[in-house]
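Written below as structure tokens is the structure these notes are about.
Keep in mind that this is a model prediction, so the values were computed, not measured. So you know, we letter chains A, B, ... as the sequences are listed, proteins then strands, and number each from 1.
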Protein chains: 2
Amino acid sequence: MTTTQTKKQQIYEAAARLFRDKGYSATSMRHLAEAVALKASSLYNHIGSKEELLRDICFENAHKYLSGLQAIAMTRDSNLDKIKSLIDLHLDMATEDITSVTAFNDEWRHLSEPWLSDFIQLRKDYEKGFLEILEAGMNAGEIHRADAHTLLYTILSSIRWLYDWRKPEKPMDTERIKQQISNFLVRGLVN
Amino acid sequence: MTTTQTKKQQIYEAAARLFRDKGYSATSMRHLAEAVALKASSLYNHIGSKEELLRDICFENAHKYLSGLQAIAMTRDSNLDKIKSLIDLHLDMATEDITSVTAFNDEWRHLSEPWLSDFIQLRKDYEKGFLEILEAGMNAGEIHRADAHTLLYTILSSIRWLYDWRKPEKPMDTERIKQQISNFLVRGLVN
DNA sequence: TTTTTGCAAACGAACGTTCATTCGTATTCG
DNA sequence: CGAATACGAATGAACGTTCGTTTGCAAAAA
């Protein structure tokens, strides 16, 4: 059974993919319309504006990351296990929705005020929560001591290629790749 | 003594910075002109076109990476030491020229044919050389066995935040950060 | 019938670029 | 020397094109 999508959903998915492939600025409404078999003017029967598309995509993903972080933070797991869960969260988001994550990492800068400030605040909140777990892990002797900011950004960046990589030359086993990345990062962290 | 720059050099540097901050498509010639205290039409006394700027920046960096790789590959170092040198190469490029590296990693996709194909070929060559060293390191038992592509892309991505990160809140000790990133990655690689 | 959807046409704005012209400063020539 | 010439650099105006978006109206769905 192929799940039926509303035209609005189709537009949002096509927009996310185009924003990823060409970037927000290089994506025109006429291109987007073509991707969903419409004319540009018809798009406005379903959406408000081009920036509204970007805005919704960015904030939807930001909230996914934040709620994922909060769920992990309130468990009773060890700090190392929390970090492993966070890495898994990023890997899952990257593999399950390879289009939208780029918006969260790259295209948000094309937001205009006041949403730009709002988004930056959400990102800061996320980083703060992640940093606290990293530092707690260091204080507990679970992970190698280093500048937490450096570790955080290195971890976040290292997963970017998964949704950034455009050449699906082989449908490689996603689970295997995820585990290898996780292994690699955790080996670099643990004491 | 402040070294005197030609207007052309100023334009290229401003362009690299704008391409990094706003992206190629969102950077207008009128913006760029303002950044070097000119009117848009005056830019064309010094440069050929907007895309020529992108092209030169992309290929200059691509060749820097490739020559760095070749120099490292022909040494008699162990494979692990070669990988350490490659990581250092990326860290050095990222910290010494924080503007242009983005072009190499992100903005090259806005090139048009035939330069786009040429650039992709250069990137493939680079990846091939890096992969060979990684695989040799695995065969020699120097680094942990895993899918080499996965390791390569994870390493390359993990360094991106250095030139991507826009908030120089503290002038943190660059050498310290570089060493911590290198430590983190090498710990994840070694057997 | 009322509401939703699609489209052609058109809007002002911004885009990269070209053009004729001007200004200042060297270089050449009488 | 002074006058004539050449040239690099900067500019405002305008070009054709594309941009995001609006409008008015027809067809389809409810």
Side-chain angles (χ1 to χ4, degrees), chain A residues 2-59 103 106-116 119, chain B residues 3-59 103 106-116:
Chain A
T2 57
T3 52
T4 304
Q5 280 186 121
T6 73
K7 208 84 191 176
K8 187 169 180 175
Q9 287 173 321
Q10 289 180 40
I11 293 172
Y12 269 85
E13 290 191 12
R17 172 170 293 115
L18 285 169
F19 292 168
R20 168 179 69 108
D21 290 342
K22 310 160 72 78
Y24 175 75
S25 292
T27 298
S28 76
M29 297 303 275
R30 288 168 178 84
H31 266 125
L32 174 59
E34 197 177 359
V36 293
L38 285 182
K39 302 296 173 179
S41 56
S42 308
L43 292 174
Y44 292 86
N45 287 325
H46 306 275
I47 60 152
S49 69
K50 184 187 181 187
E51 190 174 357
E52 187 188 86
L53 289 169
L54 179 66
R55 214 157 50 216
D56 289 347
I57 292 170
C58 286
F59 281 95
D106 290 302
E107 303 301 326
W108 57 266
R109 58 185 164 165
H110 295 111
L111 292 171
S112 63
E113 297 292 355
W115 299 279
L116 180 60
F119 185 90
Chain B
T3 52
T4 304
Q5 278 187 119
T6 73
K7 207 81 191 178
K8 187 170 180 175
Q9 287 172 322
Q10 289 179 39
I11 293 172
Y12 268 85
E13 290 190 12
R17 173 170 293 114
L18 284 169
F19 292 168
R20 168 178 68 108
D21 290 342
K22 309 158 73 78
Y24 175 75
S25 292
T27 298
S28 75
M29 296 305 273
R30 289 167 177 84
H31 265 125
L32 174 59
E34 198 178 1
V36 292
L38 285 181
K39 302 297 173 180
S41 55
S42 308
L43 293 173
Y44 292 87
N45 287 323
H46 306 275
I47 61 152
S49 68
K50 184 187 181 187
E51 190 174 358
E52 187 187 85
L53 289 170
L54 178 66
R55 216 156 51 214
D56 290 346
I57 291 171
C58 286
F59 281 94
D106 290 302
E107 303 301 327
W108 58 265
R109 59 184 164 164
H110 295 111
L111 291 170
S112 62
E113 297 294 354
W115 299 279
L116 179 59

Q: Please report, rounded to the nearest Å, how far the P atom of dA10(D) is from the NZ atom of Lys8(B).
A: 14 Å
Q: Calculate the interatomic distance between Ile11(A) atom CD1 and dT5(C) atom P; express it in whole Å.
A: 10 Å
Q.
Nearest whole Å is fine: how far is dT4(C) P from Leu43(A) CG?
A. 18 Å
Q: Pick base, sugar-phosphate or nothing for Thr27(B), based on heavy-atom distances below 4.0 Å to the nucleic acid.
A: sugar-phosphate
Q: Please report the closest heavy-atom contact between Leu18(B) and Leu32(B), naming both atoms and the distance.
A: CD1-CA, 3.7 Å
Q) What is the distance, rounded to the nearest whole Å, between atom CD of Glu51(B) and atom C1' of dC15(C)? A) 15 Å
Q. What is the distance, rounded to the nearest whole Å, between atom NE2 of His31(A) and atom C1' of dG20(D)?
A. 15 Å
(Q) Please pick, from dT17(C), dC7(C), dC19(D), the nucleotide with the shortest atom-to-atom distance to any side-chain atom of Ser28(A). (A) dC19(D)
Q.
Nearest to the side chain of Ser42(B), heavy atoms from C-beta on, is which of dT17(C), dT21(D), dT11(D)?
A. dT11(D)
Q) How is Thr6(A) classified with respect to the nucleic acid when contacts are heavy atoms under 4.0 Å: base, sugar-phosphate, or nothing? A) nothing
**Q.** Which residue lies more 5' along DNA chain C, comparing Lys39(A) with Arg30(A) via nearest heavy atoms
**A.** Lys39(A)
Q: Classify the side chain of Asn45(A) and the base of dG6(C) as holding, or not holding, a donor-acceptor pair under 3.5 Å.
A: yes
Q.
I need the NE2-C1' distance between His110(B) and dG16(C), as an integer number of Å.
A. 15 Å
Q. What nucleotide among dT17(C), dG6(C), dT21(D) has an atom nearest to a side-chain atom of Tyr44(B)?
A. dT17(C)
Q | Minimum-distance pair of heavy atoms, taken over all atoms of Ile47(B) and Met29(B) | A | CD1-CE, 3.7 Å
Q) What integer distance in Å separates Met29(B):CE from dC15(D):P? A) 21 Å
Q) So with a 6.0 Å cut-off around CD of Glu34(A), is the heavy-atom count from everything else above 12? A) no
Q. How long is the line joining NZ of Lys50(B) and P of dT18(C), in whole Å?
A. 14 Å
Q.
Looking at the base of dA13(D), is there any donor atom on it, or on the side chain of Ser41(B), that sits under 3.5 Å from an acceptor on the other one?
A. no
Q: Say whether, by atom type as modelled, one donor and one acceptor occur between the side chain of Lys22(A) and the main chain of Ser28(A) under 3.5 angstrom.
A: no
**Q.** Expected output: side-chain Glu107(B) to main-chain Tyr24(B) donor-acceptor under 3.5 Å
**A.** yes
Q. Below 4.0 angstrom from OP1 or OP2 of dG6(C), is there any side-chain N or O of His46(A)?
A. yes
